[in-house]
Amino acid sequence: YEFINDTSLIEGDIITIETNGSVTYVNDKNTLNELSNHIIMNDGVDVTESYKLTPTPGTLTITPRNVEIELLPESKEYDGTQLTSTKWVYSSGFEDTIKEIIGDKEKLVLTTSGSITYYTNENNGVVDNELLDYSLIIDGKELKSNYIITAVPSTLTITKRQVNIVIKSDSKTHDGSTLTMREFDVVGKNVATGDTLSITTNGSIKNVGSITNSMTSYKVVNSIGLDVSLSYVVNATPGTLTIDKAEYILATVSAGKNYD
């Protein structure tokens, strides 16, 4: 309180007041705060009746509290599913003063901008993740307006999926046709669910002999036909292609004639 119009108490008099105003949330703004009781004492003697007090009500206002948080970076190997994240921590200097207010008692739910599923030439496996909106609920009541929350952005990262294959070897007896092989076995981790891997190889043999059959390229397509090859690193162990000699049986034909 304060005295107005150049009025004040006589020296030595002390006033104690009680008011009826109470405000908790920002949305409870402009709440009237009126005098409900008062007493004026001087050295233990009640001198209240010696004054005519004309109180002017005041207002009580709660302003939003500034809070800064940091969004946590998230990363995973490509698995064909979308990566998003709303994980966060308090920024330095805010945790001690805010944690008891926003914590078990209040629940902060974030909406963020980041979303990544594939590794592409455009994103190189990384996208920004920023705060778009938030909700703050306590005992079923939305308290978003009580805070101005700002967030340090982070990133979401998809790393390429490592797949190891062994190209199958093949052989046949020489028959004049060309031998190739593009089949393979996966060693360890396979492609993501719904994805299909195909390869091209450089091995081609027609005549008797043996050659190495190595992978020259690969392609991975997901269940909706999207080429997701950039989300993979495929390591291939070469196979061999062999043409064996054909076995031929030659038979001579007997012939005869009269002496001439």
### Query
V233, I158: one ILVMFWY side-chain cluster at the under-4.5 Å cut-off?
no
### Message
Enumerate the salt bridge (Lys or Arg N to Asp or Glu O under 4.0 Å) contacts for residues 170-182, please, sequence neighbours excluded, ordered by first and then second residue.
### Response
K172-D175
### Minimum side-chain heavy-atom gap L136-Y147 below 4.5 Å
yes
### Message
Ignoring hydrogens, what is the shortest heavy-atom contact between L110 and L131? Give both atom names and the distance.
### Response
CD2-CD1, 3.8 Å
### Task
Using the side-chain hydrogen bond (donor to acceptor under 3.5 Å, both in side chains) rule, pick out the option among T240, T212, N213 that qualifies with S169.
T240
### Task
Taking all non-hydrogen atoms of both residues into account, name the closest pair between S22 and L60 and its distance.
N-CD1, 3.6 Å
### H38 side chain near T48 side chain, heavy-atom distance below 4.5 Å
yes
### Task
Supply the atom-to-atom distance D28 CG to I62 CD1, rounded to the nearest 0.5 angstrom.
8.0 Å
### Pairwise side-chain contact, I15 with Y51, heavy-atom cut-off 4.5 Å (strictly under)
no
### Query
Within a strict 4.5 Å, meaning less than it, do heavy atoms of the Y119 and T159 side chains meet?
no
### Validation row: R65, N146 side chains within 4.5 angstrom (heavy atoms)
no
### Query
Side-chain heavy atoms under 4.5 angstrom apart, residues restricted to Ile, Leu, Val, Met, Phe, Trp, Tyr: same cluster for V67 and L71?
yes
### Query
Considering residues at least two apart in sequence or located in another chain, which fulfil the salt bridge (Lys or Arg N to Asp or Glu O under 4.0 Å) criterion with D79?
K76
### Summary
Smallest heavy-atom separation, S154 atom then P73 atom, equals CB-N, 3.7 Å
### Message
Nearest 0.5 Å, please: how far is CG in N27 from OG in S145?
### Response
3.5 Å
### Query
Does any N or O in the side chain of D244 come within less than 3.5 Å of the main-chain N or O of T173, such that one atom is a donor and the other an acceptor?
no
### Task
List the steps, then state whether side-chain contact (heavy atoms from CB on, under 4.5 Å) holds for V187 with I165.
CA-CA 5 Å; V187 180; I165 65 172; over 6 Å; no
### Message
Please determine whether side-chain hydrogen bond (donor to acceptor under 3.5 Å, both in side chains) holds for the pair N42 and D13, giving the CA-CA distance in whole Å, both sets of side-chain angles, and the decisive distance to 0.1 Å.
### Response
CA-CA 5 Å; N42 184 304; D13 290 355; 2.4 Å; yes
### Electrostatic pair E70-K87, nearest N-O below 4.0 angstrom
no
#### Entry: Approximate separation, where rounding is to 0.5 Å, of I149 CD1 and S135 OG
9.5 Å
### Query
So do the side chains of V89 and L72 get within less than 4.5 Å of each other, counting heavy atoms only?
yes
#### Entry: Linked, directly or transitively: I10 and I14 (ILVMFWY side chains, under 4.5 Å)
no
Donor-acceptor pairs are to be reported for all side-chain atoms of residues 202-211 against protein atoms at under 3.5 Å, with residues two or more places apart or in another chain.
residue, atom, partner, partner atom, Å
N202, OD1, S214, N, 2.9
S210, OG, T242, OG1, 3.2

### Query
Do N164 and N235 get their side chains close enough for a donor-acceptor pair, meaning under 3.5 Å?
yes
### Task
Start with the C-alpha gap between I40 and T16, add the side-chain angles, then the distance that decides, and say whether side-chain contact (heavy atoms from CB on, under 4.5 Å) holds.
CA-CA 6 Å; I40 303 173; T16 302; over 6 Å; no
### Exercise: identify the closest heavy-atom pair between G114 and N129
N-OD1, 2.8 Å
### Side chain proximity check, T201 to T180, heavy atoms < 4.5 angstrom
no
### Message
Quick check on K189: does its NZ atom have over 12 non-hydrogen neighbours (other residues, nucleotides or ligands) under 6.0 Å away?
### Response
yes
### Message
I need the K168 NZ to E183 CD distance, nearest 0.5 Å.
### Response
4.5 Å
### Query
Between OG1 of T7 and CG of L9, what distance do you get to the nearest 0.5 Å?
8.5 Å
### Message
With no hydrogens and no angle check, just 3.5 Å: does a side-chain donor-acceptor pair link S217 and T200?
### Response
yes
### Query
L226 and V163: same hydrophobic cluster, using ILVMFWY side-chain contacts below 4.5 Å?
yes
### Message
Is any side-chain heavy atom of V228 closer than 4.5 Å to one of T117?
### Response
no
#### Entry: Under 3.5 Å: donor-acceptor pair, side chain of D227, backbone of V221
no
### Message
Under the ring pair (Phe, Tyr, Trp, His ring centres under 6.0 Å) definition, can you give me all pairs with a residue in residues 163-204, not counting sequence neighbours?
### Response
none
### Message
Quick test of your reading: applying salt bridge (Lys or Arg N to Asp or Glu O under 4.0 Å), list the pairs with at least one residue in residues 140-164, sequence neighbours left out, ordered by first then second residue.
### Response
D133-K144
### Query
What's the verdict on side-chain contact (heavy atoms from CB on, under 4.5 Å) for T112 and E130, showing C-alpha distance, side-chain angles and the deciding distance?
CA-CA 5 Å; T112 54; E130 299 177 345; over 6 Å; no
### N37 (side chain) donor-acceptor with E18 (main chain) under 3.5 angstrom
no
### Taking every non-hydrogen atom, the tightest pair across P57 and L32
CB-CD2, 4.3 Å
### Task
Spell out, as yes or no, whether a donor-acceptor pair under 3.5 Å connects the side chain of S229 to the backbone of V220.
yes
## Note on the structure
Heavy-atom nearest pair, L83 first then T157, reads CD2-O, 3.5 Å
### L143/V26 under side-chain contact (heavy atoms from CB on, under 4.5 Å): CA gap, chis, key distance, verdict
CA-CA 8 Å; L143 300 178; V26 170; over 6 Å; no
## Note on the structure
d(I148 CD1, E68 CD) to nearest 0.5 Å is 13.0 Å
#### Entry: Pairs satisfying ring pair (Phe, Tyr, Trp, His ring centres under 6.0 Å), at least one member in residues 210-238, at least two apart
Y78-Y232
### Query
Is V186 linked to V234 within one hydrophobic cluster, defined over Ile, Leu, Val, Met, Phe, Trp and Tyr using a side-chain heavy-atom separation of less than 4.5 Å?
yes
### Query
Is a donor on one side and an acceptor on the other found under 3.5 Å between the side chain of N123 and the backbone of Y118?
yes
